[in-house]
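This report refers to the structure that appears directly beneath it.
Values below: every heavy atom of this structure, side chains too, minus hydrogens, waters and symmetry copies. Indexing begins at 1, ligand by ligand and atom by atom, following the structure's order.
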Amino acid sequence: MYARITGTGSYLPGLPVSNDDLVRRGVDTSDEWIITRTGIRARHLVEPGRMTSDLAFEASCRALEAAGCKASELDLIIVATTTPDFILPSTACLLQARIGNVGAMTFDVQAVCGGFMYALSIVEKFIRSGSHKKALVVGAEVISRILDWQDRGTCVLFGDGAGAVVVEASEAYEAYDTPGILSTVMRADGSHHGILSVAGQICGGQIVGDPFLRMDGQAVFKFAVRVLSEVAHECCDSAGISPSGIDWLIPHQANIRIIESTVRKLNLSMDKVVVTVDRHGNTSAASIPLALDVAVRDGRIRRGQKILLEGVGAGVTWGAVLLQF
Ligand code: ACO
């Protein structure tokens, strides 16, 4: 039994917000600084009143349509998010109600930018075990709501959005040409929790502590480059292929310099890499399924190709999934 992606979808709220738009809104930065240090030219920011489940809903409808799957057929729904609508219930349950499913096992995964990797790997285990047949996996974020717009070292880096995939069971005999997920590797090292965090909490109805995202950018940068190349090798090794054998690399979209350094370490060409960070910024758990959907819909990714997805996020969490699309 294999777990195979049968449809992808994504959604970006509102109009693109350029670096110059941020300057006009009062952020003490410049287009030149942001592009040189990060490769980011624009991001989308969610409108007031809209929530993560709204973005997840739009992306999910598109993924279900692409897969030719009805919401009622799903037996597993996972939303990876750092910015849930509420503390409880889960955003996945809110999404489940919106798409019109009753009965699927439904929950959120919180592994920040590594969340979609974790969620996809969980789904793969459920499907391979035979217990579940059709899953919806979503990465969705309104990360702009936890940014300190006075902190130019973080607020220019992020954007809002959602990406979704439908994953279905595929019998090994049917899956000879396109088996689906071939290997997964998930890791975390909580001893580095301080390099990227939102350390606030709700206590007695009040926010206690700092409610905004804080980051040691250089520490995150070095950590990300190291683990993204290590985990790519590990994931390819466990499927018995070399990184040079993959058709497309879809890394977490945080910073073009992190992507380029990882690609250099893997001895790959940037021609094999899907890059959306320039248009989307860092959408945390949404960045990988968003980039996957963009490349599927523009025709770059085709059935039968080998795709390596990899992400890293606060925790620190990281992971990779190798699949034959
Ligand atoms: N505009 C203009 N100047 C700025 C800005 C800005 N937006 N932000 C910082 N600066 C200034 C600083 O104040 C500093 O000025 P100073 O020298 O006068 O003190 C100068 O630029 C250099 O600051 P650094 O923080 O040292 O800049 P650095 O080269 O490290 O780049 C960056 C910062 C882009 C955040 C980098 O460290 C980075 O990309 N880190 C990776 C972090 C990341 O991508 N995180 C995403 C979330 S984590 C994840 O998704 C895995």
For this session: Kindly state if atom 41 (C) of ligand 1 has a protein heavy atom within a strict 4.0 Å cut-off, that is, under 4.0 Å?
Result: yes
Exercise. Is the number of heavy atoms from other residues, nucleotides or ligands within 6.0 Å of CZ (R279) greater than 12?
Worked result: yes
Exercise. Mind checking whether L76 and V137 have side chains closer than 4.5 Å, heavy atoms only?
Worked result: no
Exercise. Which residue owns the protein heavy atom closest to atom 51 (C) of ligand 1, what's the atom, and how far is it?
Worked result: V312 O, 3.2 Å
Exercise. NZ of K125: more than 12 outside heavy atoms within 6.0 angstrom?
Worked result: yes
For this session: Determine yes or no for a side-chain-to-main-chain donor-acceptor pair under 3.5 angstrom, with N101 supplying the side chain and A71 the backbone.
Result: yes
Exercise. Could E73 and K134 be called an ion pair, given the rule that one side-chain N must be under 4.0 Å from one carboxylate O?
Worked result: yes
Exercise. Heavy-atom contacts under 4.0 Å between T38 and ligand 1: side chain, backbone, both, or neither?
Worked result: side chain
Problem set entry | Closest contact, heavy atoms only, T36 versus R257 | O-CD, 3.9 Å
For this session: Please could you name the atoms of ligand 1 that F158 approaches to less than 4.0 Å, counting only its heavy atoms?
Result: 46 (C), 47 (C)
Problem set entry | Residue part near ligand 1, for V27, under 4.0 Å between non-hydrogen atoms | neither
Exercise. Do protein heavy atoms approach atom 16 (P) of ligand 1 to less than 4.0 Å?
Worked result: no
Exercise. Which heavy atom of the protein is the closest neighbour of atom 38 (C) of ligand 1, given with residue, atom name and distance?
Worked result: N255 ND2, 3.6 Å
Problem set entry | Protein residue, atom and distance nearest to atom 44 (O) of ligand 1, heavy-atom basis | A254 CB, 3.7 Å
Seminar exercise, completed: If we number the atoms of ligand 1 from 1 as shown, the ones under 4.0 Å from a heavy atom of L196 are 47 (C), 48 (S)
Problem set entry | Protein heavy atom under 4.0 Å of atom 25 (O) of ligand 1 | no
For this session: Return the minimal non-hydrogen interatomic distance between S60 and I99, and the atom names on each side.
Result: CB-CG2, 4.4 Å
For this session: Go through ligand 1 atom by atom and flag the ones less than 4.0 Å from a non-hydrogen atom of V156.
Result: 7 (N)
Problem set entry | Check: Y118 side chain, R187 main-chain N or O, donor-acceptor pair, under 3.5 Å | yes
For this session: Return yes when A224 approaches ligand 1 closer than 4.0 angstrom through a heavy atom, no otherwise.
Result: no
Exercise. Does the N or O separation between G217 and ligand 1 drop below 3.5 Å for any pair?
Worked result: yes
Exercise. Applying a 4.0 Å heavy-atom criterion (strictly less than), which segment of C113 is in contact with ligand 1: side chain, backbone, both, or neither?
Worked result: side chain
Seminar exercise, completed: of all protein heavy atoms, closest to atom 28 (P) of ligand 1 is R37 NH1, 3.4 Å
Exercise. What are the two closest non-hydrogen atoms of G9 and A63, and how far apart are they?
Worked result: N-CB, 3.6 Å
Exercise. Should you measure from each heavy atom of N282, which atoms of ligand 1 turn up under 4.0 Å away?
Worked result: 46 (C), 47 (C), 49 (C), 50 (O)
For this session: Quick one: look up the protein heavy atom nearest atom 32 (C) of ligand 1 and list residue, atom name and how far away it is.
Result: W33 CH2, 4.6 Å
Problem set entry | Option whose closest heavy atom lies nearest to atom 13 (O) of ligand 1, chosen from Q218, Q253, R152, K222 | R152
For this session: Work out which heavy atom in I256 is nearest to a heavy atom in V277; give both atom names and the distance.
Result: N-CG1, 4.1 Å
Problem set entry | Sub-4.0 Å protein heavy atom near atom 11 (C) of ligand 1 | yes
Exercise. If you measure every N/O of H252 against every N/O of ligand 1, is any gap under 3.5 Å?
Worked result: yes
Problem set entry | Aromatic contact, W318 with F223 (centres under 6.0 Å) | yes
For this session: Return the residue, atom name and 0.1 Å-rounded distance of the protein heavy atom closest to atom 36 (C) of ligand 1.
Result: R257 NH2, 4.1 Å
For this session: Please report the shortest heavy-atom distance between V27 and C155, naming the atom on each side.
Result: CG1-SG, 3.8 Å
For this session: Without swapping roles, check the side chain of S229 against the backbone of R226 for a donor-acceptor pair under 3.5 Å.
Result: yes
Exercise. With E141, which of N282, T283, T81 fulfils side chain to side chain donor-acceptor pair (under 3.5 Å)?
Worked result: T81
Exercise. Considering only the protein, which heavy-atom contact is closest to atom 43 (C) of ligand 1, and what is its distance?
Worked result: M215 SD, 3.8 Å
Seminar exercise, completed: Quick look: T29 vs ligand 1, heavy-atom contacts under 4.0 Å, and the answer is both
